[in-house]
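Have a look at the structure below, then the notes.
In what follows, chains are A, B, ... by sequence order, proteins preceding strands, each numbered from 1. Predicted, not measured: the structure shown is a model, and the values here were computed from it.
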Protein chains: 2
Amino acid sequence: MTSNTPRTGRRRHALSKERILQAAIAILDEEVADTESTGLTLRALMARLSTGSGAIYHYVANMDELRAAAADEVLRLSFADVPSDADTMARLRIVAAEIFDSLDAHSWVGAQLTRGAFQPGALRIWKVIGTELHHFGLTGAALTDAGSALANFIFGSAAQHTLTSRQHANGTDRAARLESVANQWRSFDRDPIVADIADRLSEHDDRGQFLAGVDIILRGIAG
Amino acid sequence: MTSNTPRTGRRRHALSKERILQAAIAILDEEVADTESTGLTLRALMARLSTGSGAIYHYVANMDELRAAAADEVLRLSFADVPSDADTMARLRIVAAEIFDSLDAHSWVGAQLTRGAFQPGALRIWKVIGTELHHFGLTGAALTDAGSALANFIFGSAAQHTLTSRQHANGTDRAARLESVANQWRSFDRDPIVADIADRLSEHDDRGQFLAGVDIILRGIAG
DNA sequence: ACCTGAACACCGTTCAAGT
DNA sequence: ACCTGAACACCGTTCAAGT
């Protein structure tokens, strides 16, 4: 950012928390292989930054905190421009769509949000929802009940969506992956209702289903 | 089950998938310490069953599959008695409450349901919800939209609830843990809306909030 | 202060060998 | 068929040592 480190022509890229965070995001974005990827690994981070473990631990408390920070960073960038003129419900719909697109572009974020311990990304989502619902006029238990309905739906959708996210392997495409999940369901349980759900799963549009869910909940809140 | 292995008076407890599953559940139920527990470990399983790794791998494909099966088993037992006379919405409320109580009694299940790969427990929940919504008269996209709203809300709530579940450490009680989470939120973000949510978090009743969320979604579906 | 890298205490999984 | 347990290829984290 600032114009120091003018020494070496090809500067040594001094380490920083910010640089580590960006490297972590880059690795996680690339890591999405057809196989169940290992995710972000300290050793992968060391290789990319060509440094040792001690250097990284000088800036980061531990790997879990780094993973949580990476997910939060992706979400932070996703709340770009919510028009202030729209009404609350319309704004919540826009925010939800932004979150979905962000999760879809970075398939690992959904899984990260429901990992143990404190997740700043989850708090970020809670905050934007809570703010809008407050503007809508809700307070107290009505606000937290409505907020938890919407936030937990988003967390659950996010975690599920990690399995079928767009940005996955180069080899297998989304349709093939959806069909494979559907087949798993069908072979695991022969019940016709499961077959029905599996049929729709393999043909269906995740984004549309997510937004339909948001609308159901907003209707339940307003109604 | 059958009356064989009559040889040794103190029978050697022949290994089986069922016995491994029960041991895994027992370990996970006990593992809930104040510290972020490691969860189920192959070596812990070996110690409890006093056997080697090869013996376990003879019955189980891998640890992830075992963890998924353990969560599914807990959920299977939770759908005890749903009265057939009640109407669909009432039955869905009862089913949701049963799921919550199950998650609350086994704090690890919530986190497990949103882990990678195929989760039979998630399919089980989808199935019971889908069946009820089908009885209600929904089909096609209306059914999957409503089902995903309810199912994903449950998955998200489950994952969040793992952090504050009743059956946790012996030392720290639920109230203290909730207060600590609330403090983490407050110190992470000074925004008054966050403080508001944190206040209610530390005093509030998870079960009531969960059921309120279910009611909001059911209202959105019916409305 | 910042960085290196060996060492440690763990993981899950495999597999030759026993019965 | 069922089980044993050493060996392997990984993890995240710590820390004495360098600059």
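Here the C1' atom of nucleotide dC10(D) and the CE atom of Met63(B) are 16 Å apart, to the nearest Å. For His58(B) and dC3(D), the NE2 to C1' distance is 9 Å, given to the nearest whole Å. The interatomic distance linking Arg43(B) (CZ) with dC10(C) (P) rounds to 10 Å, in whole Å. If you take CG of Leu66(A) and P of dG12(D), they are 11 Å apart, rounded to a whole angstrom. Rounded to whole angstrom, the span from the CD1 atom of Ile56(B) across to the C1' atom of dT4(D) amounts to 12 Å. In this structure, the CG atom of Leu45(A) is 13 Å from the P atom of dC3(C), given to the nearest Å. Taking atom CG on Leu42(A) and atom P on dG5(C), their separation rounds to 14 Å, with Å as the unit. Between Tyr59(A) atom OH and dT4(C) atom P the separation is 10 Å, expressed in whole Å.
Looking at every heavy atom in both residues, Trp126(B) comes nearest to Gly147(B) through CH2-C, 3.6 Å.
Within 4.0 Å (heavy atoms only), Asn62(B) reaches sugar-phosphate atoms of the nucleic acid but no base atom. Base engagement by Ser53(A) is indicated by at least one non-hydrogen atom pair under 4.0 Å involving a base atom. Among the atoms of the strands shown, only primed sugar atoms or phosphate atoms (P, OP1, OP2) are found under 4.0 Å from some heavy atom of Leu40(B).
Separating the CD1 atom in Ile94(B) from the CD atom in Glu132(B) is a distance of 9.5 Å, to the nearest 0.5 Å.
Between Gly54(A) and Thr41(A), the one whose closest nucleotide on DNA chain D sits nearer the 5' end is Thr41(A).
The side chain of Thr51(B) sits closest to dC3(D) out of dC3(C), dG12(C), dC3(D).
In summary, the aromatic rings of Phe100(A) and His161(A) are positioned with their centroids under 6.0 Å apart. The aromatic ring centroids of Phe210(A) and Phe153(A) lie less than 6.0 Å from each other.
dC8(C): Watson-Crick or G-U partner is dG12(D), with both key distances under 3.5 Å.
Counting only distance, with no hydrogens or angles, the side chain of Thr162(A) and the backbone of Ala111(A) share a donor-acceptor pair below 3.5 Å.
Remark: Tyr57(A) is not in phosphate contact with dC15(D), judged by side-chain N or O atoms under 4.0 Å from OP1 or OP2.
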